[in-house]
Amino acid sequence: MSYDHLAIEAKWQDRWESEKVFEVTEDPSKPKFYNVAMYPYPSGELHVGHVRNYTYIDLITRYKMMQGFNVLSPMGWDSFGLNAENHAIETGIHPKVSVAEQIERMKVQFRRLGVGFDWSRELASHDPDYYRWDQWIFLELWEKGLAYKAEAAVNWCPKDQTVLANEQVVGDDVCERCGTPVEKKMLSQWQFKITEYADELLDAIDDLDDWPDRVRTMQRNWIGRSEGATFTIQVDGGGSFDVFTTRPDTIFGMTFCVLAPEHPLVEELISGSETEDEARQYVSAAQRASEIERLAEGDKTGVFTGAYAINPVNEKRVPVYIADYVLMGYGTGAIMAVPGQDQRDWDFATKYGIDIVRTVQPEEGFDGEAFLGDGPTINSDFLDGMRQDEAKTKIIEWLADQGIGEATVQYRLRDWLISRQRYWGCPIPMLNCDQCGLVPVPRDQLPVLLPDIEDYLPKGMSPLAADDDFVNTTCPDCDGPARRETDTMDTFMDSSWYFLRYADAHNDEVLFDTEKARYWMPLDQYIGGVEHAILHLLYARFITRFLYDLGLSPVQEPFQRMFTQGMLVHKGAKMSKSKGNVVPPDDYYDNHGADATRLFELFVGPPTDDAVWNDSGVSGSKRFLDRFWKQATWDGGWNARSADDRDREILGHAHRTVKKVTEDIERFRFNTTVPALMTLSNELQSYLGDEPREETHGEVIEMMLKLLSPMAPHVSHELWERRGNESMLAFEAWPSWDEELAREDTVTMIVQVNGKVRDRLEVESDIDEAAAEAAALASEKIQAWLDGQEVRRVITRPPNLVNVVIG
RNA sequence: GCCCGGGUGGCGGAACGGUAGACGCGAGGGGCUUAAACCCCCUUGAGCCGAACACGGCUCGUGUGGGUUCGAAACCCACCCCGGGCACCA
C-alpha cells in the first residue's frame with residue numbers, strides 16, 4: 001500500500017506558493033536567519049547531485065522557521081559563463097535564449113522538490129539590472145587604484161586563433177576542439193589588487209569559527225604569507241638580481257642561484273655563453289609548459305647560464321642556473337639555493353654536482369638529506385652557534401647595514417585577473433581614447449549593455465571586438481573618438497556579491513540598500529560544494545570587504561557559518577553534465593516522490609563527504625514513508641488500559657529521538673537523522689501490535705511528524721492536516737525533549753578483561769563506580785577469566801564499562 | 001610537485017578514546033496469496049569449537065607497518081591507494 005505521493009506533493013507545493021510561506025521581509029521583532037545555497041549555473045537540468053545541496057538548504061530553512069526565526073532563503077542564477085557560450089557556438093542559439101529556457105526548466109524541478117525559496121528576490125547575473133552593478137563596483141575599484149591593466153599570459157590556439165580557458169586545454173596541452181598544441185601568448189589584461197587585502201583576509205580567517213577547519217587551512221595556505229628577506233646579489237662580471245628567501249639565516253650555505261626561465265636577466269646572462277643553445281631550448285620549453293606541469297613530480301631539471309654570482313656574505317663565486325621550478329610570479333623570480341637546508345635544492349645540487357654546505361647542525365642520529373629543523377648554526381662565521389630566529393634577525397640587520405637587503409613579506413596570493421576574451425560575460429566599463437588614454441564609462445551611462453551578436457566564435461580577441469557599433473563610441477572627457485574595452489569580466493565577479501543583492505534585489509538606485517542588508521547580513525548559513533573552498537569564497541570575502549570600506553556593506557565578512565558539502569559520485573566519477581553520468585531526479589519524483597528522494601539524499605552519507613548514488617536507495621526511503629503513513633493513520637483498534645511500561649518506553653524512545661535528531665541537525669549530521677526516525681518507527685510497529693493506547697500513539701506520531709517535516713515536508717504536512725490540526729505544520733514549534741523521560745532506566749554495561757569484552761551486564765543507568773566494579777567482579781564469566789590472578793587495576797566508566805586489568 | 005580531505009561487511013554507511021558494523025540497500029529463508037507483486041517475520045563480517053532446533057563460546061577483523069594507551073576505526077610517525085583544489089569550468 002502506497003500513499004498518493006503525486007497528488008499530495010502537488011497539493012502542498014501549491015499551498016506553500018499561494019500562501020507565500022517562504023517570502024519574507026525584514027522584521028525587527030524576530031531573530032533573522034539568512035540561509036543561502038550557492039546559486040547554480042543554469043545548466044537546464046538539476047541532477048541528484050544538486051538535489052542533495054537543496055535538500056540540505058531546505059532542511060535548515062524549515063528547521064529554523066520552526067524554531068521561530070525569520071528565515072530568508074533566496075535563489076538566483078549564475079548565468080554568465082563559458083558553458084552557455086559554447087552551447088551558442090554549437091547551436092547558434094543566443095545564450096540569453098537558451099539560458100532563459102534552462103532557468104524555466106530548473107525552476108520546475110525546484111518546485112517539484114518542494115524547496116522553500118523566496119522567489120520574489122530571484123536574480124540572474126546576465127540581467128543588465130544585475131550586471132550594471134558589477135560595472136559600478138569595477139569603477140569604484142578603478143577609482144581607488146585597485147583595478148589596473150598588466151600583461152599576462154593566456155592559452156592560445158594558433159589554428160582556431162582563439163584564447164582557451166584552462167579547461168579547454170586537454171591531454172598533452174592541446175586544444176580541445178582541434179587538437180593543435182596550445183601556445184602561451186601575452187595580453188594586456190585587467191586585474192584587481194586583491195593582494196592589498198591579503199593581510200586582512202588572512203587575519204580574519206582566525207575569527208571564522210563556524211567554518212570547516214579544512215577550508216580555513218586551504219585559504220590560509222592559498223594566501224601563503226611568508227616572512228623573510230629580500231636582498232641583491234651581484235653577478236660576477238656585471239649585473240645583479242634580487243632574491244627572496246624565508247631562510248636568510250642559511251645564506252652562508254648558498255652554493256648556487258636559480259633564475260626562473262622568464263627572468264629578465266636570463267637573456268643577458270646566456271647570450272654568448274658556452275651553454276647558450278641549450279639554455280635557449282630549455283627556456284622556450286619551460287615557457288610553453290603550464291605551471292602545474294612545471295611543478296609536477298619528477299626530476300628537477302635546469303641549465304647552467306655560464307654566469308657566476310657573488311655570495312655577499314663570504315664573496316664566494318657560485319654558479320647561476322635556470323630552472324623551471326622557480327616561478328617568475330612568486331617572490332622575485334630568483335632564489336639563493338641552499339641544498340643543506342632545502343630538499344629541492346639538495347636534489348638539484350646532487351643532480352648537477354654542486355657543493356653542499358650545511359649551516360644548521362642536524363640533531364643527533366639524523367640520517368636524512370636536507371635538514372629543515374632548527375639547530376645551532378654552523379659554518380656561518382658571525383652567525384655560528386645561533387638558533388634560527390636569532391640568526392635571521394642578525395643576518396637581516398647585516399644585510400640592511402650593507403644596504404643590500406631588508407626584511408620582507410611575500411604572499412603566494414596573486415592579483416585577480418578578471419579579463420576574459422569572451423562574449424557571454426559582463427562588459428568591462430572602460431574606454432580607450434586616443435587623446436585621454438584609459439577612461440572610465442561615466443556612472444550615468446551604466447549599464448554598458450552586452451550587445452546581441454551573431455558570431456560567438458572568438459577571433460583573436462573577444463567576439464565583442466568584431467561589433468563596430470559596440471566598440472566605437474565617444475570619449476566623455478574630450479568628445480573625441482574612443483573604443484570600448486572588449487574583454488568581459490570573470491564570472492567570479494558576479495558571484496562575489498550576489499548574496500548582498502538578495503537583501504534588496506530590485507533596487508535600481510543603488511546596488512542594495514545598506515539598511516536592508518544590515519538586517520540580513522551576514523549569512524547565517526552558506527552551503528556549497530567543497531570545490532569552491534578557495535577561489536569563490538576568497539573573492540567574495542574580498543569584494544565584501546571592499547564594499548564595507550566604501551560604507552555599503554554592513555559587514556566585513558559575509559559568511560558567518562560555512563558548510564562545504566561533498567559531491568555525488570556515479571559510475572566512478574563526480575556527477576556532471578560533461579562527464580555524461582548525471583541522474584535526473586524526475587523519475588524518482590514520479591515513482592517514489594520528492595519526499596522519498598529527499599530522505600535518501602539525506603541518508604546517502606555524511607554531508608561533508610562524497611557519496612555514491614545508489615539507484616535502489618530511494619525505494620527504501622519510500623518503503624519507510626509508506627510504513628510510517630500506515631502507522632500515522634493506524635486505526636486497528638485502541639486499548640482502554642492505563643499507561644504502563646510499554647507506553648513509558650515508546651514515549652522515552654520518542655523523546656530520545658527528538659534529542660538525537662535535533663543534535664544531529666545542529667552538527668550537520670543529516671545522514672543519521674533519518675535512521676533515528678526509522679528506528680523509532682520500527683519500535684512503534686511492535687508497540688502497535690501489543691494493546692496500543694490512542695493517546696500514546698498520537699503523542700508519538702505528532703512528535704515524529706514535526707521531526708520529519710524539514711526532511712519530508714509534503715507527507716508530514718498532509719498527515720498533520722489529516723489529524724485535524726488547523727495550523728500548517730511549517731508554523732508549528734520545533735519539539736523539545738524532556739531529559740527525565742528520555743533517560744533509560746537500565747543500560748548494558750560491558751565488562752572487559754585486559755581490554756577485551758568478556759561479559760555484558762544489565763545495570764541501572766545511575767550505577768556508581770563502586771557498584772559497577774562490584775557487579776563486574778561478581779560475574780561468573782569474569783571470575784573464570786581472572787582465574788585467581790592478581791587484579792592490578794580496575795577502570796570504571798559507569799554505567800557503560802568496567803575494564804579489569806590483570807597479569 | 002604543492003595545499004586539503006578520505007580508505008570500515010556484497011554495497012551506502014554507523015560508532016568523534018570505551019559493545020565495531022546502527023539504519024538502509026542487496027542476498028537467503030519463512031508467512032500471506034491459486035500465483036505473483038505489495039506487505040509481515042527471521043537470518044546475513046570471516047574462520048572455528050562445543051553443543052546438535054533458533055543455544056553458548058573462542059580467534060581474527062576498520063588500507064599497510066610501527067607507536068601511545070587499561071582500552072585505538074578514532075591519537076602520533078612512516079608508507080600505499082583514491083578524491084578535491086592549484087588561479088580562464090564554476
Side-chain heavy atoms of [X] within contact of [Y], under 4.5 Å:
X: A:Asp415; Y: A:Phe192; value: no
X: A:Arg177; Y: A:Asn86; value: yes
X: A:Met562; Y: A:Arg216; value: no

With a 4.0 Å limit, can you tell me whether [X] has a side-chain N or O closer than that to the phosphate oxygens OP1/OP2 of [N]?
X: A:Arg797; N: B:rG18; value: no
X: A:Arg669; N: B:rA15; value: yes
X: A:Lys781; N: B:rG57; value: yes
X: A:Arg758; N: B:rU59; value: yes
X: A:Asn803; N: B:rU69; value: no
X: A:Lys622; N: B:rC38; value: no
X: A:Asn221; N: B:rC4; value: yes
X: A:Arg627; N: B:rC40; value: yes
X: A:Arg214; N: B:rG5; value: no
X: A:Asn671; N: B:rG12; value: no
X: A:Arg623; N: B:rG26; value: yes

**Nucleotide pairing, RNA chain B (Watson-Crick or G-U, distances under 3.5 Å), in dot-bracket with [ ] and |** = (((((((..(((.....[....)))((((((.......))))))((((((....))))))..(((((..]....))))))))))))....
With sugar-phosphate meaning primed atoms plus P, OP1 and OP2, does [X] contact a base, only sugar-phosphate, or nothing at under 4.0 Å between heavy atoms?
X: A:Ser419; value: base
X: A:Met38; value: nothing
X: A:Arg667; value: base
X: A:Leu535; value: base
X: A:His536; value: nothing
X: A:Gly617; value: nothing

**Prompt:** Any idea if B:rA46 is syn or anti, going by the 90°-from-0 cut?
**Reply:**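 You should classify B:rA46 as anti.
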**Asked** Can B:rG29 be described as syn, meaning its chi torsion is within 90° of 0, or is it anti?
**Response**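 For B:rG29, whose glycosidic angle is more than 90° from 0, the conformation is anti.
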**Given RNA chain B, 5'-ward residue of the pair A:Gln685 and A:Thr679, judged by closest heavy atom** =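 It is A:Thr679, whose closest nucleotide lies nearer the 5' terminus.
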Using whole Å, what does the distance between atom [atom2] of nucleotide [N] and atom [atom1] of [X] come to?
X: A:Met567; N: B:rG84; atom1: CE; atom2: C1'; result: 6 Å
X: A:Lys756; N: B:rG61; atom1: NZ; atom2: C1'; result: 11 Å
X: A:Trp634; N: B:rC40; atom1: CH2; atom2: P; result: 15 Å
X: A:Asp347; N: B:rC2; atom1: CG; atom2: P; result: 11 Å
X: A:Met489; N: B:rA87; atom1: CE; atom2: P; result: 22 Å
X: A:Asp609; N: B:rC11; atom1: CG; atom2: P; result: 17 Å
X: A:Asn800; N: B:rA20; atom1: CG; atom2: P; result: 13 Å

**Item:** Check against side chain to side chain donor-acceptor pair (under 3.5 Å), A:Glu744 and A:Ser765
**Value:** CA-CA 7 Å; A:Glu744 287 181 277; A:Ser765 54; over 6 Å; no
**Item:** Residues A:Asp626, A:Lys630; criterion salt bridge (charged side-chain N to carboxylate O under 4.0 Å, His left out); working and verdict
**Value:** CA-CA 6 Å; A:Asp626 281 332; A:Lys630 279 186 282 188; over 6 Å; no
**Separation of the C1' atoms in B:rG45 and B:rG9, to the nearest angstrom** =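 My reading of the C1' atoms in B:rG45 and B:rG9 gives 5 Å.
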**Item:** Interatomic distance at C1', B:rG10 relative to B:rG65, whole Å
**Value:**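 B:rG10 and B:rG65 have their C1' atoms separated by 28 Å.
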Please list every donor-acceptor pair under 3.5 Å in which a side-chain atom of residues 676-684 of chain A meets a protein atom from a residue at least two apart or in another chain.
| residue | atom | partner | partner atom | Å |
| --- | --- | --- | --- | --- |
| A:Thr679 | OG1 | A:Pro675 | O | 2.7 |
| A:Ser681 | OG | A:Gln631 | OE1 | 3.0 |
| A:Ser681 | OG | A:Gln631 | NE2 | 3.3 |
| A:Asn682 | OD1 | A:Arg627 | NH1 | 3.1 |

**Request:** Step by step, work out the side chain to side chain contact (heavy atoms under 4.5 Å, CB included) result for A:Tyr588 and A:Val51.
**Result:** CA-CA 11 Å; A:Tyr588 298 108; A:Val51 171; over 6 Å; no
**Request:** Provide the closest heavy-atom pair for A:Tyr56 versus A:Pro607 in the form atom of the first, atom of the second, distance.
**Result:**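 It is OH-CA, 3.4 Å.
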**Item:** Taking every non-hydrogen atom, the tightest pair across A:Ala323 and A:Pro261
**Value:**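 Shortest heavy-atom contact: O-CD, 3.5 Å.
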**Request:** Look at the side chain of A:Gln189 and the base of B:rC88, then say whether one donor and one acceptor between them are separated by less than 3.5 Å.
**Result:**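 Counting by modelled atom types and ignoring angles, a donor-acceptor contact under 3.5 Å is found here.
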